[in-house]
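Whatever order the structure lists them in is the order used to number ligands and atoms, beginning at 1.
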Amino acid sequence: MIPSKNATPQHWLSLANADWKTQMKHLIQSPDQLRDFLNLSDRQINEINRASQLFPMAITPYYASLIDTKDPQCPIRAQAVPTIRETDFASADIEDPLAEDHDSPVPGITHRYPDRVLLVVSQMCAMFCRHCTRKRSVGDETHTPSKDSLKNAIQYIRDTPGIRDVLISGGDPFLLSTKRLDWILTELNGIEHVEIVRIGTRTPVVLPQRIDDELVNMLKKHHPVWVNTHFNHPREVTAESKKALRKLADAGIPLGNQSVLLRDVNDCPLIMQNLVHRMVQNRVRPYYMYQCDLSRGIEHFRTSVSKGIEIMEMLIGHTSGFAVPTYVVDAPGGGGKIPLTPQYLISMGTRKVVLRNYEGVICLYSEPPQKESSCPADCQYCDDLTPKSKPTPKGSKWATNVGVGKLFDDSNNVIAIVPENLERVQRREENYQENHQENINDGEKND
Ligand SMILES: *Cc1c(COP(=O)(O)O)cnc(C)c1O
Ligand code: SF4
């Protein structure tokens, strides 16, 4: 079955630089459209069909035109064309590994960190990346939020004064009409406590023609707007994508890049170094390099964590500091992003810190004779800079009053952070309460 007239590669290849709406009307959604181009057998066509029943296939003519048809390992092809391995569900796989649906106060919002939220505005993408972590919902148009649902999500942001940063995500937000996006940004702009908005989009990579004058002129009205994109391989940096990045940067939009570490695509220090160099040449700051999540059907893309550490070892110090992304594991269960780096702290004495550098040189940093800085309890900055929405105990600082910071905060007597319902502690407290009712020590509890 051939769904549209752009069945032959000649036809869709002729659209590789067409405007974005034309390309969206001629997405490659059936493996038959790739049969001649990739020299696919009936068995391969059948496998692609099976895989795309779990997660649909959609490739823009532009991105498909970047495939090296002679290379079965082509990194562009690996990200775009389904394989039968997507139907293997590995034992470690989780439907919603980041608990994004769980940490959601209202539909469309994931509120994980106190000061920032993820706002999902679309479930459509120009291309469905085979490694997508949100396969469970992306591509299902019935999941794309209605205007009423968006209003409701924006109302949550309006009602929650602690939120200063809104991350607009999807799907791909740039697949909404410019008008709809303009409305969302206008609503967010009108909320006093929202200081910045950032948009995550893969269009500069898979549909760079989307970054047109109408779009950037609209975005410019809503500054400060930041944009994060998703380049995974240097071959994705083409004349067309450079033009898109230039338009965004010229509109005063700070650009970041979030790559995913993918087996047989970019799990190589040389490829990553080349990618980050191309990013900074185009005014894009490498932001995160993600360890591949545990989402269903992407196990064949996962690398070991040690591969990520090895790549960081080859980047840090070897290239410009601002070309080095932060390597993160998004914690399964919803704990947020956890940064990982090679070890540079080798040892410490009371007055001395022993460090190593990227070349293997081991050096000594002497601590100052006077270690204490004066930090008066009644410091004016503490009062002025602590967010009003974050009341803190007297003498405490909000910034140190969270997580491990509690152990640094002198205004409490916390000496350990202990998981709730820890069996060992329950055992001990029961005994303790029985024998010494009057001497309960709160010092070892969580708060
Ligand atoms: C990644 C993410 C953010 C933003 O985190 P940053 O480290 O500030 O980029 C916010 N909310 C959710 C749910 C996220 O996954
Ligand atoms: S653009 Fe992003 S959300 Fe869309 S399929 Fe690719 S990774 Fe998933």
Against heavy atoms of Tyr287, which atoms of ligand 1 measure under 4.0 Å? 6 (P), 7 (O), 8 (O), 9 (O)

Would you mind listing which atoms of ligand 1 come within a distance below 4.0 Å of any non-hydrogen atom of Thr110?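 Taking each heavy atom of Thr110 in turn, ligand 1 has 13 (C) under 4.0 Å.
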
Under the side-chain hydrogen bond (donor to acceptor under 3.5 Å, both in side chains) rule, collect the residues that match up with Asn266, sequence neighbours excluded. none

Going by an N to O cut-off under 4.0 Å, is there a salt bridge joining [X] and [Y]?
X: Asp212; Y: Lys243; value: no
X: Glu236; Y: Arg278; value: no
X: Asp250; Y: Arg283; value: yes
X: Asp103; Y: Arg112; value: yes
X: Lys179; Y: Asp182; value: no

Do Arg263's NZ or CZ and the ring of Phe301 fall within the cation-pi criteria of under 6.0 Å and 45°? no

Can the ring centroids of Phe37 and Trp12 be said to lie less than 6.0 angstrom from one another?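 Centroid separation for Phe37 and Trp12: below 6.0 Å.
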
Of the side chain and backbone of Leu167, name the one, both, or neither that has a heavy atom under 4.0 Å from an atom of ligand 1.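 For Leu167, only side-chain atoms sit under 4.0 Å from ligand 1.
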
At under 4.0 Å between heavy atoms, is it the side chain or the backbone of Arg198 that contacts ligand 1, or both, or neither?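 The side chain, only.
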
Looking only at distances, please establish whether an N/O atom of ligand 1 is found under 3.5 Å from an N/O atom of Asp165.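 By distance alone, the answer is no.
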
Where is the nearest protein heavy atom to atom 2 (C) of ligand 1: which residue, which atom, and how far? Lys337 NZ, 2.4 Å

From atom 7 (O) of ligand 1, work out which of Tyr290, Tyr113, Tyr288 has a heavy atom at the shortest distance.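 Residue with the shortest heavy-atom distance to the ligand atom: Tyr288.
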
Under 2.8 Å from atom 6 (Fe) of ligand 2, which protein atoms of type N, O or S occur, listed by chain and number?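 Under 2.8 Å from atom 6 (Fe) of ligand 2 - ignoring waters, which are not counted - the protein N, O or S atoms are Cys129 SG.
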
